[in-house]
Student: 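Input: one structure, supplied below.
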Amino acid sequence: QVHLVESGGGLVQVGDSLRLSCAASGRTFSNYAAGWFRQAPGKEREFVTAISWSGGDTSYGDSVKGRFTISRDNAKNTVYLQMNSLKPEDTAGYYCAASPSIAKFPAGYDYWGQGTQVTVSS
């Protein structure tokens, strides 16, 4: 079992930056790929980004490429999501997840955090 806890969400202005953290406990988190998804009210859960267990491989959704960066520190069992140039359409609950390998669909992930809200105000 892997337990994931997200933090760092909040209310920001258009163009601002925010860094989310996902702290893991339980099984060896460094054995898992990690991903971030987001979900706005009334919408499906959307793939944001993912990173391999080593950090050497990453993947991004088209809507965040060039603005968001995923990274991980396996010594701290933590994955980060740096979000720059935030837009109102980035407003959503952001969820961290763990998977045996990088995946772009929620079904590919075995463990999920409870989420953290990001609201971008114009």
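All of these numbers come straight from a predicted model, not from anything done at the bench.
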Student: Could you tell me whether R45 sits above the aromatic face of W112, with NZ or CZ closer than 6.0 angstrom to the six-membered ring centre and within 45 degrees of the axis?
Tutor: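 Yes; both conditions hold, so R45 lies above the ring face of W112.
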
Student: Are the side chains of S59 and K104 in contact, using a 4.5 Å heavy-atom criterion?
Tutor: yes

Student: So do S54 and R72 actually touch side chain to side chain, heavy atoms under 4.5 Å?
Tutor: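 R72 vs S54: side chains apart.
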
Student: Hey, are R67 and S17 close enough side-chain-wise for a donor-acceptor pair under 3.5 Å?
Tutor: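 There is no such pair between these side chains.
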
Student: How many angstroms lie between atom NZ of K76 and atom OG of S30, to the nearest 0.5 angstrom?
Tutor: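 These two atoms lie 15.5 Å from each other.
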
Student: For A50 and Y109, which heavy atoms make the closest approach, and how far apart are they?
Tutor: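 Looking at all heavy atoms of both residues, the shortest contact is CB-OH, 3.5 Å.
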
Student: Taking the hydrophobic residues Ile, Leu, Val, Met, Phe, Trp and Tyr, and joining any pair whose side-chain heavy atoms are under 4.5 Å apart, which ones share a cluster with I70?
Tutor: V2, L4, V12, V14, L18, L20, F29, Y32, W36, V48, I51, Y60, V64, F68, V79, L81, M83, L86, Y94, Y111, V118, V120

Student: Strictly under 6.0 Å, is that where the ring centroids of F37 and F47 end up?
Tutor: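 So the answer is yes for these two rings.
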
Student: How would you list all residue pairs meeting disulfide bond (SG atoms under 2.5 Å apart) that involve residues 61-122, not counting sequence neighbours?
Tutor: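 Found C22-C96.
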
Student: Among all residues two or more places apart in sequence or in another chain, which pass the side chain to side chain donor-acceptor pair (under 3.5 Å) test with N77?
Tutor: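 Residues passing side chain to side chain donor-acceptor pair (under 3.5 Å) with N77: none at all.
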
Student: For the residue pair G108 and A103, what are the closest heavy atoms and their distance?
Tutor: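 For G108 and A103, the tightest heavy-atom pair comes out as CA-CB, 4.1 Å.
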
Student: Hey, does the side chain of T91 reach the backbone of T119 with a donor-acceptor pair shorter than 3.5 angstrom?
Tutor: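 Pair absent, no side-chain N/O of T91 close to backbone of T119.
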
Student: Is K87 salt-bridged to D90, going by a charged N under 4.0 Å from an acidic O?
Tutor: no

Student: Looking at A23 and T78, what are the two nearest heavy atoms and their distance?
Tutor: CA-OG1, 4.2 Å

Student: Just wondering, do R38 and Y95 contact through their side chains at under 4.5 Å, heavy atoms?
Tutor: no

Student: Distance check, rounded to the nearest 0.5 Å: H3 atom NE2 versus S25 atom OG?
Tutor: 5.5 Å

Student: If we only count heavy atoms from C-beta on, is the P106 to E46 side-chain gap below 4.5 Å?
Tutor: no

Student: I need the S7 OG to Q114 CD distance, nearest 0.5 Å.
Tutor: 13.5 Å

